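To start, the structure under review is shown below, and the notes come after it.
Fair warning: this is a prediction, and the values are worked out from it, not measured in the lab. Sequential numbering from 1 along the given sequence is applied to the chain's residues.
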Amino acid sequence: MGEFVGIDPLGADKLIRQMEAGKDVLARARPGLEAAIAEAGEQWAGREGVAAMHRTWAFFHESQQDLKWRIYTIKRLVPTNQKGMLTSTFPFSNETAAAQAAKKDAAAIAEALKYHDQFLSGQSWSTVEKALAALKGRVDDPSYAAALLTALGPATFQKLFRDWMNTQAAGARRGLTPDALTRADDSSPGLLARAFASAEGFGRLGNDWQKMVETAPSDILTALVAQAPQSGTFLNRVATNLLNRPPNSDTFPTDPNWNLYNLAKAYEANPEAFRRLLVEHQKEAGVMLDAYTIRSSGVPEYEEALAKALHGALKPGAGADDLRERAWITVINSIGSEHTLWVGGGIGTFANSPISRVLAQDITPILDKLARGQAERNSPEVPYLESRAPWDKLDPTVSARFLGALMQDSAAADTLMKAGQNYTKELDMGRFHPLDPDLYAREAHLNLAARTGALSNLLLAGSTYAEWSDDEYAERIAGYVLMPVDFVNNKYLPIDSAVVSTGKDKGLDDVKGVMKEMITNYLDKKTPEDAEAVADKLVEQQANFLVDSLKAHGQMPLAAGDRALMRDAIKGRLFSALVQALQRRGG
């Protein structure tokens with residue numbers, strides 16, 4: 001018989017903590033009280049005091065256990081973020097009744113399974129399904145779920161999954177397909193997966209169930225995590241085990257690998273667990289992100305599912321900042337590694353990659369971290385450009401390859417360009433004069449100039465890996481070169497009319513157009529100049545625009561010698577990467 005329950009989980013949690021404090025007081029008082037009674041002997045008055053204290057401690061303890069069970073159960077029965085009172089009808093009024101019912105249901109399942117093993121027919125399997133149907137409405141009770149699974153045992157639990165797959169999804173040999181998974185959700189595997197989530201999440205399963213991760217077939221494990229929201233700890237144990245198995249450990253290694261897809265879908269539903277996998281298990285996360293893994297899975301949907309999981313884990317504001325940043329570093333190191341197949345590999349380019357697009361979309365908050373790493377390499381003697389931990393361990397060469405991998409997708413390249421432009425406009429180095437008499441202003445200009453130049457340097461270096469048309473290449477290279485001085489900001493240069501605004505935009509477009517024409521002429525062999533000469537002219541255009549920007553901000557003009565100094569500074573930050581980009585494309 002069920003029980004209608006209304007409970008405020010937050011209030012109940014507070015009561016549990018108060019009872020725990022009471023138990024601590026009683027535990028500390030008991031030794032002294034018992035010693036005093038023993039010393040007083042027959043003269044002690046009220047000899048039942050110790051017994052009463054023990055009963056009080058036991059009352060607190062039993063009440064805590066009951067409240068924990070009720071809180072956990074109602075949260076599973078009423079999945080909501082709502083605060084305050086939650087109400088539901090529990091399938092059982094207490095844990096003892098739940099465990100008794102579970103043992104009875106487990107015995108019926110075992111008997112039906114024994115019958116099915118004799119006949120191995122559709123009709124005999126229907127008797128198993130009928131016995132398993134008794135689990136409906138009960139598996140969210142952790143005491144019921146734990147008692148049921150304990151009675152069945154890991155071997156029978158896995159057999160129930162395998163027999164269902166053999167009879168209902170015989171063609172799914174490397175993980176359940178989405179259609180098969182939908183059928184499983186409404187059948188016995190879905191009930192068993194929910195029972196496992198309920199019992200494991202409440203900490204009621206023994207070591208034999210934890211060891212199951214090491215021995216169970218991949219398709220059973222991925223069906224288990226895909227069908228019900230398992231705990232993040234268990235999900236990561238499944239992932240690390242599966243991703244460490246030999247690539248051809250499956251019975252049918254040439255079939256589409258839906259196991260990978262189902263694992264990615266499980267992480268899409270649990271971004272916190274995915275962040276922790278990225279941070280704590282870089283090797284295994286690298287397998288998921290590996291270009292060969294993505295291309296050889298045989299499941300195009302895997303890349304889309306992985307992109308969604310990455311977005312959930314890495315999007316701005318997701319989870320704790322420090323954990324999210326460390327997760328980003330794993331992604332950058334994996335995709336931008338020295339031997340990455342994301343760029344320059346023989347498996348084709350990622351020209352239409354949902355992963356590239358989602359990473360380019362979410363990268364804005366960490367652009368400054370990447371820029372500082374490159375700026376420190378360019379100017380190691382300037383201490384305030386140093387990256388803080390954990391970014392100080394990230395190699396700028398890896399960052400450049402990572403950006404280059406994303407740039408193979410044209411839409412991602414455009415997103416990166418826009419993000420970079422917004423970053424440089426926010427810094428707006430034209431606010432400070434490079435030769436201001438005030439030391440702070442000069443240092444501020446150098447700081448901002450170094451970081452904007454460094455980001456352009458990274459994008460230029462990354463562009464050498466991108467496979468664009470000549471026109472796209474010239475357009476984007478011109479944009480990257482112009483970024484450090486494209487900082488005319490309405491905050492410092494008020495635009496009072498559409499005419500003036502249009503004029504300002506036209507001026508920027510004109511400068512970019514000149515640069516693009518230089519690059520196009522070089523690529524089309526319309527100029528005898530080599531890459532170094534073209535790069536020199538592009539830097540000259542930058543210097544000219546810097547002068548115009550300072551003027552627009554009302555700063556004092558540069559003398560000829562000052563202008564030459566600034567030109568050399570710009571050249572020092574960009575020239576090598578720019579020349580390399582031109583040479584790689586233009587020969």
Exercise for the section: Examine the side chains of Ser356 and Gln408 and answer whether a donor and an acceptor come within less than 3.5 Å of each other. Expected result: no

Exercise for the section: Would you confirm whether Ser198, through its side chain, and Arg194, through its main-chain N or O, come within 3.5 Å as a donor-acceptor pair? Expected result: no

Exercise for the section: Could you please spell out the steps behind the side-chain contact (heavy atoms from CB on, under 4.5 Å) verdict for Asp362 and Trp328? Expected result: CA-CA 10 Å; Asp362 293 336; Trp328 263 111; 3.9 Å; yes

Problem - Backbone N/O of Ala318 and side chain of Arg324: donor-acceptor pair under 3.5 Å - result: yes

Practice task
Heavy atoms only: give me the nearest Tyr115-Thr127 pair and the separation to one decimal.
Solution key: CD2-OG1, 3.6 Å

Exercise for the section: Just do the salt bridge (Lys or Arg N to Asp or Glu O under 4.0 Å) check on Glu95 and Arg204 with the steps written out, would you? Expected result: CA-CA 12 Å; Glu95 292 189 82; Arg204 290 291 182 88; 2.8 Å; yes

Handout entry: Heavy-atom pair with the smallest gap, counting every atom of Gln168 and Arg183
Key = O-NH2, 2.9 Å

Exercise for the section: Compare all side-chain heavy atoms of Val128 with those of Asp163 and state whether any distance is below 4.5 angstrom. Expected result: no

Practice task
Give a yes or no answer on whether the side chain of Asp208 reaches the backbone of Pro154 with a donor-acceptor pair at less than 3.5 Å.
Solution key: no

Practice task
Could you tell me whether the side chains of Ser188 and Glu129 share a donor-acceptor contact shorter than 3.5 Å?
Solution key: yes

Problem - Pair Glu272 + Arg275: basic N to acidic O under 4.0 Å - result: yes

Exercise for the section: Verify, without hydrogens or angle tests, whether Gln230 (side chain) and Leu224 (backbone) share a donor-acceptor contact under 3.5 angstrom. Expected result: yes

Handout entry: Main-chain N/O of Ser121 paired to Ser124 side chain as donor or acceptor, under 3.5 Å
Key = yes

Exercise for the section: Among Thr240, Asn244, Asn236, find the residue that satisfies the side-chain hydrogen bond (donor to acceptor under 3.5 Å, both in side chains) test when tested with Glu284. Expected result: Asn244

Practice task
Before giving the answer on side-chain contact (heavy atoms from CB on, under 4.5 Å), spell out for Trp391 and Ile332 the whole-Å C-alpha distance, their side-chain angles and the decisive distance to 0.1 Å.
Solution key: CA-CA 11 Å; Trp391 297 97; Ile332 294 169; 4.1 Å; yes

Exercise for the section: Could you tell me if the ring centre of Phe161 sits under 6.0 Å from that of Trp164? Expected result: no

Fill in the blank from the handout: For Ser337 and Arg401, the nearest pair of non-hydrogen atoms, with its separation, is O-NE, 3.2 Å

Exercise for the section: Please determine if Arg162 and Asp219 form a salt bridge, counting it only when a charged side-chain N lies under 4.0 Å from a carboxylate O. Expected result: yes

Problem - For the student: nearest non-hydrogen atoms of Ala360 and Thr415, plus distance - result: O-CG2, 3.5 Å

Problem - Asn259 side chain vs Thr222 backbone, donor-acceptor pair below 3.5 Å - result: no

Problem - Spatial distance of atom CG (Leu221) from atom CD (Glu214) [nearest 0.5 Å] - result: 10.5 Å

Practice task
Classify the ring geometry between His116 and Trp125 as parallel (under 30°), tilted (30 to 60°) or perpendicular (over 60°).
Solution key: perpendicular

Fill in the blank from the handout: Taken to the nearest 0.5 Å, the spacing of Arg174 CZ from Asn257 CG works out to 4.0 Å

Exercise for the section: Could you check whether the rings of Trp258 and Tyr261 sit parallel, tilted or perpendicular, using 30° and 60° as the cut-offs? Expected result: perpendicular

Practice task
For residues Tyr302 and Ser297, report the shortest heavy-atom separation together with the two atoms involved.
Solution key: CB-OG, 4.0 Å

Practice task
Verify the distance criterion only: is there a donor paired with an acceptor across the side chains of Arg245 and Ser218 at less than 3.5 Å?
Solution key: yes

Exercise for the section: Spell out, as yes or no, whether a donor-acceptor pair under 3.5 Å connects the side chain of Ser126 to the backbone of Gln123. Expected result: yes

Problem - From Gln282 atom CD to Leu277 atom CG, the distance as rounded to the nearest 0.5 Å - result: 9.0 Å

Handout entry: Spacing of Ser399 atom OG and Leu370 atom CG [to the nearest 0.5 Å]
Key = 5.0 Å

Problem - Which atom of Ala108 lies closest to which atom of Ala131, heavy atoms considered - result: O-CB, 3.9 Å

Practice task
Enter the distance from Glu325:CD to Lys369:NZ here, rounded to the nearest 0.5 Å.
Solution key: 4.5 Å

Problem - Under 3.5 Å: donor-acceptor pair, side chain of Gln227, backbone of Ala184 - result: yes

Exercise for the section: Look at the side chain of Thr340 and the backbone N and O of Gly336, then say whether any donor-acceptor pair between them is shorter than 3.5 Å. Expected result: no

Practice task
Inspect the surroundings of NZ in Lys283 and state if more than 12 heavy atoms from other residues, nucleotides or ligands are less than 6.0 Å away.
Solution key: yes

Problem - Exam field: side chain Ser353 to backbone Asp409, donor-acceptor pair closer than 3.5 Å - result: no

Practice task
Mark yes when over 12 heavy atoms from residues, nucleotides or ligands other than Gln118 sit less than 6.0 Å from its CD; otherwise mark no.
Solution key: yes

Handout entry: From CD1 (Ile355) to CG (Leu406), nearest 0.5 Å
Key = 10.0 Å

